[in-house]
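These notes are about the structure you will find just below.
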Amino acid sequence: MVKTGDTLKVFYPNIIHVTCVAHMLNRVVEKSPSRIQLYKEMLPGLPLPPEPVITRWGTWIEAVIFNTNNYEGIKSVIEKLDNDSSASVDNCKKIFKLPTVKNDLTFIKINFSGLIRAITNLEDTKLTLLQSLGITKIIISELSNIQGDKGSIIKNKISQLYQKNKGFQLLEQIGLIISGNNEIQIPENFNPCFVANMKYAPLTSVDVERSFSLYKHILINDILEFIDESNKEKRIWVREWIKRRTVLGASENLLTELALEDPEEYRLCLRMTTENFEQLLNLVSPTIQKQDTILRDALLARIKLQITLNYLATGNSYRTLQHFFRVSIPAISKFLPEVCDAIYKAMEQYINVGIFL
């Protein structure tokens, strides 16, 4: 993004690239059906733990605070799970056995709860530049006052992020000018009118992301149906019945039912147990999970792996898989070799490939 901003200066000399402050603050501190059922049985009335989302800043802190507030209950659920469960469950059990885990959770809740408040406040689209700078100044001051060795690490991280964010430093100076400080000089390439118009200059990229989401909904009909210039015939981007994948697809319905009610049929469908599937999914997800785009949401790694395993187990045709999982044939033909390659690389140490001369 920094390089893009520098390139755009050719066309917009007064452009200021600011690393999103909410993202900057976030960087300071950067389920299976059977387990969900056990959780609900042991902790009735307690909602499922919030899942940290990469694209939603601060969500991992919310998850940590939830786990802190419900520590004993969640620990009892983890300890109740089978020892031969997935790798993530084994890691959780090891974490709960660490002598420092309670101290770490306490430290995070006390010192980082303010980040959630600051990030939420910075997402307000009606903030003035001075208000945004004020919120940022308060949270940076709170984080800088954390004591001990961990506090020193946080201070160094804040300092590094601040030094890299040249655009933010410039907006700080503009904020002083707007507030009436005569000791700061307006940059040479800026005129008074330009600076005055920066009264509501944003420090975050939330508005841009919301705009993308808004444009996506406004233009959705044009996106889904477009004109082929060669024959002037309308082509459908995504069939209506495929778009109902998350509601009626096999991944959300049949396979979930089999996992809960008939594990043997689930094993016949994918040639592995639910526990083994979760373990394999954890290994290949970083490779096969793509990022969402403005035009469409990425297909979940879980569905890709289910389709691939069903294809390998049954030899079903692409068309059958398309109807079963509600995923288009072109998509299946593209990702299936990628998933197979990811499985091979993840399990390479367990696979013995013979060489025949």
Side-chain angles (χ1 to χ4, degrees), residues 25-120 139 142-143 146 148-151 153-154 246 251-252 255-261 263 266 272-286 289 300-303 305-306:
L25 293 176
N26 181 69
R27 291 188 61 191
V28 172
V29 285
E30 303 180 286
K31 45 198 173 185
S32 79
S34 59
R35 296 200 287 268
I36 292 175
Q37 184 177 22
L38 176 63
Y39 180 96
K40 291 182 177 179
E41 291 175 354
M42 295 184 64
L43 303 175
L46 185 66
L48 292 173
E51 183 177 353
V53 181
I54 294 177
T55 54
R56 292 186 60 194
W57 306 317
T59 53
W60 79 267
I61 305 178
E62 295 176 355
V64 171
I65 292 176
F66 179 91
N67 293 332
T68 303
N69 295 337
N70 303 281
Y71 177 84
E72 296 299 336
I74 293 176
K75 181 180 179 182
S76 64
V77 173
I78 296 297
E79 292 176 344
K80 191 74 173 179
L81 296 174
D82 296 334
N83 292 329
D84 59 349
S85 192
S86 68
S88 59
V89 173
D90 292 336
N91 290 334
C92 286
K93 289 185 176 182
K94 292 177 182 178
I95 290 173
F96 275 114
K97 292 180 181 179
L98 294 175
T100 60
V101 64
K102 289 185 178 180
N103 293 359
D104 291 336
L105 290 173
T106 302
F107 179 85
I108 292 173
K109 180 176 180 179
I110 292 175
N111 294 293
F112 297 112
S113 296
L115 270 175
I116 301 175
R117 180 191 69 250
I119 291 173
T120 301
I139 188 60
E142 291 178 3
L143 295 174
I146 298 176
D149 295 338
K150 294 178 181 177
I153 295 174
I154 296 299
T246 57
S251 179
E252 295 294 330
L255 289 178
T256 301
E257 290 177 332
L258 293 179
L260 292 173
E261 302 172 9
Y266 180 95
M272 62 177 59
T273 63
T274 55
E275 290 77 13
N276 289 339
F277 176 83
E278 295 296 332
Q279 290 176 340
L280 182 58
L281 180 62
N282 287 337
L283 293 175
V284 302
S285 286
Q289 182 62 64
L300 295 178
R302 175 179 295 274
I303 297 178
L305 183 58
Q306 288 171 339

message = With a 6.0 Å cut-off (strictly less than), is the heavy-atom count around NZ of Lys150, excluding the residue itself, greater than 12?
response =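 Above 12, so yes.
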task = Inspect the surroundings of CG in Asp149 and state if more than 12 heavy atoms from other residues, nucleotides or ligands are less than 6.0 Å away.
result =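 For Asp149, atom CG is not crowded (no more than 12 foreign heavy atoms under 6.0 Å).
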message = Using the side chain to side chain contact (heavy atoms under 4.5 Å, CB included) criterion, which residues pair with Ile95? Sequence neighbours excluded.
response =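 Only Val101 meet the side chain to side chain contact (heavy atoms under 4.5 Å, CB included) criterion with Ile95.
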message = Among residues at least two apart in sequence or on other chains, which ones pass side chain to side chain contact (heavy atoms under 4.5 Å, CB included) with Ser76?
response =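 Residues passing side chain to side chain contact (heavy atoms under 4.5 Å, CB included) with Ser76: Met42.
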Within-4.5 Å side-chain heavy-atom neighbours: [X] and [Y]:
{"X": "Gln306", "Y": "Leu300", "answer": "no"}
{"X": "Ile139", "Y": "Glu142", "answer": "yes"}
{"X": "Leu98", "Y": "Asp104", "answer": "no"}
{"X": "Leu143", "Y": "Asn111", "answer": "no"}
{"X": "Gln289", "Y": "Arg302", "answer": "no"}
{"X": "Thr106", "Y": "Tyr71", "answer": "no"}
{"X": "Glu79", "Y": "Phe96", "answer": "no"}

query = Is it true that the side chains of Thr273 and Asn276 contain a donor and an acceptor less than 3.5 Å apart?
reply =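 There is such a pair between these side chains.
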ask   = Are Leu280 and Leu305 close enough, and set up right, to give a side chain to side chain contact (heavy atoms under 4.5 Å, CB included), and what steps lead you there?
value = CA-CA 9 Å; Leu280 182 58; Leu305 183 58; 4.0 Å; yes
Could you report the tightest heavy-atom contact between [X] and [Y], atom names first, then the distance?
{"X": "Ser285", "Y": "Leu281", "result": "OG-O, 2.6 Å"}
{"X": "Ile78", "Y": "Cys92", "result": "CG2-CB, 3.9 Å"}
{"X": "Asn282", "Y": "Pro286", "result": "O-CD, 3.6 Å"}
{"X": "Ala259", "Y": "Thr274", "result": "CB-CG2, 3.6 Å"}

message = Under the side chain to side chain contact (heavy atoms under 4.5 Å, CB included) test against Phe112, which residue among Ile65, Ile154, Val64 passes?
response =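 When side chain to side chain contact (heavy atoms under 4.5 Å, CB included) is applied between Phe112 and each of Ile65, Ile154, Val64, only Ile154 qualifies.
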ask   = Could you state the interatomic distance from OG1 (Thr120) to CD (Glu62), rounded to the nearest 0.5 Å?
value =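 These two atoms lie 6.5 Å from each other.
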